[in-house]
Number of protein chains: 2
Amino acid sequence: MVSIVSVAKAAGVSNKTVSRVINGEPHVTEDTRERVEKAIRDLGYIPNMAARQIRSSRSNTFGIITDYVSTTPYSVDIVRGIQDWANTHGKSILMANSGGLPEREADIWKMFQSHRIDGVLYVTMYHRVVDPEAGDVNIPTVMINCRPQTSELLPSIEPDDFQGARDLTQYLLERGHRRIGYVRLNPILLGAELRLDAFRRTAKEFGLAESDLSIRLGMEGPVGVEENYVFAAASEILQQKDRPTAIMSGNDEMAIQIYIAALTLGLRIPQDVSIVGFDDFRTVSLALKPELTTAALPYYDLGFQGAEWLNSIISEEMVRANRRVISCKLVERASVCAL
Amino acid sequence: MVSIVSVAKAAGVSNKTVSRVINGEPHVTEDTRERVEKAIRDLGYIPNMAARQIRSSRSNTFGIITDYVSTTPYSVDIVRGIQDWANTHGKSILMANSGGLPEREADIWKMFQSHRIDGVLYVTMYHRVVDPEAGDVNIPTVMINCRPQTSELLPSIEPDDFQGARDLTQYLLERGHRRIGYVRLNPILLGAELRLDAFRRTAKEFGLAESDLSIRLGMEGPVGVEENYVFAAASEILQQKDRPTAIMSGNDEMAIQIYIAALTLGLRIPQDVSIVGFDDFRTVSLALKPELTTAALPYYDLGFQGAEWLNSIISEEMVRANRRVISCKLVERASVCAL
DNA sequence: ACAAAAATTGTCGACGTTGTCATTGCCTTG
DNA sequence: CAAGGCAATGACAACGTCGACAATTTTTGT
């Protein structure tokens, strides 16, 4: 392998001078610099990160731990956000997936340490509370899309489920809807309570009574093997004598079944019933016809800003543990009509 | 940081002996081994990969290059498959995303080289032909979910779209369907042609005429901003006077619109019209009611076997470039009825 | 023109690990 | 009991890079 030494020999300078050129340090004549750069190009020299790391005890690498990946596929945008930040700032990404198994997670932390990772991004694929195996380890960590259970020691960055659901509810209310159905997310998801709470409060603020709201559970049980009542719940809501004019869905995926339930009952969307989702899971929200009005989870930004935050923690050595929240932007499409 | 030297000092042996213990080499007394292991535990020593790599010029790390990530979110299972193989075989994964930009891809290759990666897995998020920027670089590479355009130099591993579509078509034919609609995938996807071809051939084998098949284009245009005719195409197919009794969808996502089109026309699924998808994109195929019969893309296995293959290429130094194909398993659910 | 200051370049060692080879001590064999 | 063999352990160098410092050359000030 071609090393700094071979370059130095080729350019007729010392290896230290080559090092200076590579790192853009001052105190190199333009002439020398060019000669070295030519040698680098000719030999196809590429710096060896491992050697650099050994010298500087900085790896310029972040680790990503994810839990499940497949249950909410769209949240891979978190990872894309992280990568984009990392790429544009000369950091590398070492990635591992725990599958939700604690022992695997412990192995991953060990692997990260053996690579002398600068920091860790702990990413969950749905918004939830976790208890990371990190505790004993002293690597800067930012939690993304989740928050630590026990300690307030770790900084976390999360979507603002409450604001998103508030905006959606308000959107419906402003368009004249006064009887609204709600199909709840699986209660084990952190978003479930936040969204429902925002829905209830906002409806109340606008003067609706609890009896104007038809709230039903859509799913429950462990993620991946949950029981699914959405179709039945939606059918039931829509067959009430004082049928709601709009239904809020816990998320976009569940909205598929609400669409099917409505259509099966011969109802037109949005003329007979308006529907809104949550997440802006575009594979679904754009495939539904009419296209679904929803609130977009800021996955990409969670990742991007999480990486940025981690970096500032690492370089400034300050670990002000706290929580950041990113808003969910309302995406207006065609599934709601004004009354 | 605690190094091999501190462990050696603590255990009262030379650093070489510690090295032997770590790597499970012979010629160490049980007594010594235990003393060293105790010291390792006490000090919390973890081997430094960078130093190891510098010595051995082997990084035990694979690189993953992905193109787009968000368009077909479920294909992250490829990455999960790779990770699972890597984790259980003591390899690490360095990951980067090109976003489809060639200059970014070139940077990534450089980054990989600077980490002295052992091999690269080139992963695309939908099945297609690519022309990787790798050419000049001499790192063992396996292409996953895609195949090289120009050269036959790189080994590739792909899903068997043809077999999957054949099995699905056969499944419908065996259940008595003789007029079948087909909504085509975007033609720029490699699967589009393979699946359509399998559909046509299998139908012909069973004695159907071309006039028994209603084939319509569902989407076209660049991935991510394609134009979407699925709803219109499905509506049109289902309003013909000799309406097909079954529709094959280019993929599961498009099946959403076919469901909506059918229901909007007052047709029951599957009594009036049977529907099959492709991909087994479970967020969709399980959310549809009735649940969708489809063919599962073997994403996880593509990743897992791809990693395994890459490893064997690296260790055996043999680069028999060729192509492997993994079959798509038919998943029988409730969206098809026998006539 | 000469000293002082600044710019340029080089020498050397250390980071943590392991391969090579050397050393020590014990055991087998005749 | 000597010679040879083998097991256990250690000393040392080298991998590629860069920081500390030294050496050399050029520029500046008077």
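Reminder, nothing fancy here: chain letters follow the sequence lines and each chain counts from 1.
The closest donor-acceptor contact from the side chain of Arg116(B) to the backbone of Gln113(B) lies under 3.5 Å. No side-chain donor-acceptor contact under 3.5 Å links Asn311(A) to the backbone of Ala307(A).
Using the six-membered ring where Trp is involved, Phe304(B) and Tyr300(B) have ring planes that are parallel, under 30° apart on the 30 and 60° scheme. In this structure, Phe112(B) and Trp109(B) have perpendicular ring planes: the angle between them is above 60°, well past the 30° mark.
Rounded to a whole Å, the CD atom of Gln53(A) is 13 Å from the C1' atom of dT17(C). Rounded to a whole Å, the NZ atom of Lys9(A) is 11 Å from the P atom of dG16(D). Summarising the geometry, the separation between CZ on Arg55(A) and C1' on dG16(C) is reported as 12 Å, rounded to the nearest angstrom. Following rounding to the nearest Å, Asn60(A) (CG) and dC18(D) (C1') show an atom-to-atom distance of 14 Å. The distance between atom CZ of Arg35(B) and atom P of dA8(D), rounded to the nearest whole Å, is 14 Å. Residue Ile4(A) contributes atom CD1, which lies 14 Å from atom C1' of dT9(C) at whole-angstrom precision. Atoms CG (Asn48(A)) and P (dG16(D)) sit 7 Å apart, rounded to a whole Å. One interatomic measurement links the two molecules: CZ of Arg33(A) to C1' of dA7(C), which rounds to 13 Å at whole-angstrom precision.
Between Arg52(A) and dC18(D), a side-chain N or O to OP1/OP2 separation shorter than 4.0 Å is present.
The pair Lys110(B)-Asp107(B) fails the salt-bridge criterion, with no side-chain N (NZ, NE, NH1 or NH2) lying under 4.0 Å from an Asp/Glu carboxylate O. A salt bridge links Arg104(B) to Asp84(A): at least one charged side-chain nitrogen sits closer than 4.0 Å to a carboxylate oxygen.
Residues from residues 13-32 of chain B that place a heavy atom under 4.0 Å from any atom of DNA chain D, listed by number: Val13(B), Ser14(B), Lys16(B), Thr17(B), Arg20(B), His27(B), Val28(B), Thr29(B), Thr32(B).
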